Amino acid sequence: MWVFVPMNDDQLLRYSRHILLPEIGVEGQEAILAARVLVVGAGGLGSPAAMYLAAAGVGTLVLCDGDTVDLTNLQRQILHSAEGVGRLKVESGRDTLLRLNPFARVETVAERLEGDALEAQVAAADVVLDCSDNFATRHAINRACVRHRKPLVSGAAIRFDGQVSVFDLRQAESPCYHCLFPEGQEVEEIRCAVMGVFAPLTGIIGATQAAEALKLLIGCGTTLDGRLLLLDGLGMEWRSVTLGRDPGCGVCAGRGEA
Amino acid sequence: MNIDVRLNLLGVLGIKQSELAIDTPANATVATLISLIDQHNPGFAAALTNDSGGISPQFVFFINGRNAVHLDGMNTRLDAGDVVNVIPAIAGG
């Protein structure tokens with residue numbers, strides 16, 4: 001349940017360019033300010049996503065990552081800078097987010113989010129962003145989002161290739177991540193550390209995740225629910241593929257039934 | 001019959017993003033389609049097939065928006081005008 005607190009003069013000025021948009025307005029900005037958003041992963045995707053969400057005024061951001069900042073991260077993970085090497089990513093990230101918006105509330109989880117901790121964080125969130133870097137975490141987040149019927153904004157990037165989608169699990173007809181990429185098969189992890197990743201690609205996909213999260217919070221526009229957006233960064237070509245629910249999905253089959 | 005095939009994000013296989021109109025025989029399946037694409041993109045079939053001859057879990061085939069593994073896998077029948085999207089599973093963040 002969101003509790004809307006009227007904005008003060010500083011907030012009205014800070015968020016004025018949002019408030020000017022009729023699709024957002026004061027009411028939409030108040031929804032953003034009252035929201036709690038879970039961002040899993042403070043790396044290439046989590047960096048731009050969390051920065052836009054904090055700058056846009058999301059009331060509470062929960063940033064989860066168990067890693068420390070490495071020199072090889074700095075080419076694309078813009079939450080972190082050279083002096084942050086060796087620090088926990090969530091601490092480095094929190095500092096950056098609070099510099100962007102001192103009024104943001106940033107909670108940190110300096111570990112791989114799983115089990116009861118994952119369930120509790122997903123249950124408490126209004127929107128969940130999957131900015132993680134492995135299939136096991138992605139499926140665990142999806143299962144929790146299905147259980148708690150939370151909207152999930154999922155992004156992925158490798159080499160010059162990006163994917164982003166919304167699984168609005170509040171809606172009975174929406175597919176889940178498992179409908180798209182079924183778990184239980186031996187999928188070889190293709191990691192950025194091996195394959196490389198084009199720095200701005202993570203910015204494009206992460207910023208798209210932030211945009212979709214804000215639209216979900218405000219309730220404006222049309223989200224990527226039921227669509228997978230694909231970006232070929234080399235050809236700079238976007239494609240969209242329509243996704244449907246898998247009636248036999250091992251995770252979400254039966255969701256929406258009485 | 002013509003099948004509209006969209007190859008997405010397959011740069012890892014050296015294949016440029018493209019749209020192909022593949023002329024298949026009647027009663028063609030996903031396996032038929034892979035074989036036909038492989039004629040112009042050698043290595044395609046090997047990359048998209050697992051050891052037991054099924055669709056590699058690294059990739060998904062969407063037939064009119066439905067994942068082929070939820071249909072009949074390699075044996076999924078194709079109809080004229082079907083739109084097939086081939087997409088790699090990626091998890092990088």
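Protein chains get the first letters and strands the later ones, always in sequence-line order, with residue 1 at the start of each. Fair warning: this is a prediction, and the values are worked out from it, not measured in the lab.
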- Task: Measure the CZ-CD distance between A/R239 and B/Q17 for me, rounded to the nearest 0.5 Å.
- Result: 4.0 Å

- Query: How many angstroms lie between atom CD1 of B/I90 and atom CZ of A/F135, to the nearest 0.5 angstrom?
  - Reply: 8.0 Å

- Sole residue of A/L180, A/D161, A/L228 in side-chain contact (heavy atoms from CB on, under 4.5 Å) with B/I87: A/L228

I'd like to verify something: which residue of [options] has the highest number of heavy-atom pairs under 4.5 Å with chain B?
{"options": "A/D232, A/L243, A/T242", "value": "A/D232"}
{"options": "A/G43, A/S132, A/G162", "value": "A/S132"}
{"options": "A/C179, A/G235, A/G233", "value": "A/C179"}

- Under 3.5 Å: donor-acceptor pair, side chain of A/Q163, backbone of B/P88: yes

- Distance-minimising heavy-atom pair for A/R138 and B/G92: NH2-O, 3.5 Å

- Heavy-atom nearest pair, A/P247 first then B/R66, reads CD-NH2, 3.7 Å

- Item | Per-residue contacts, residues 46-53 of chain A versus chain B, heavy atoms under 4.5 Å | none

- The interface call for A/T202 against chain B, heavy-atom contacts under 4.5 Å, is neither

- Item | A/L231, part contacting chain B, at a heavy-atom distance under 4.5 Å | backbone

- List in chain and number order the residues that pass ring-ring contact (aromatic ring centres under 6.0 Å, His included) with A/F198, two or more places apart in sequence or in another chain; answer none if no residue qualifies. A/F160

- Where on B/N67 is there a heavy atom nearer than 4.5 Å to chain A: the side chain, the backbone, both, or neither? side chain

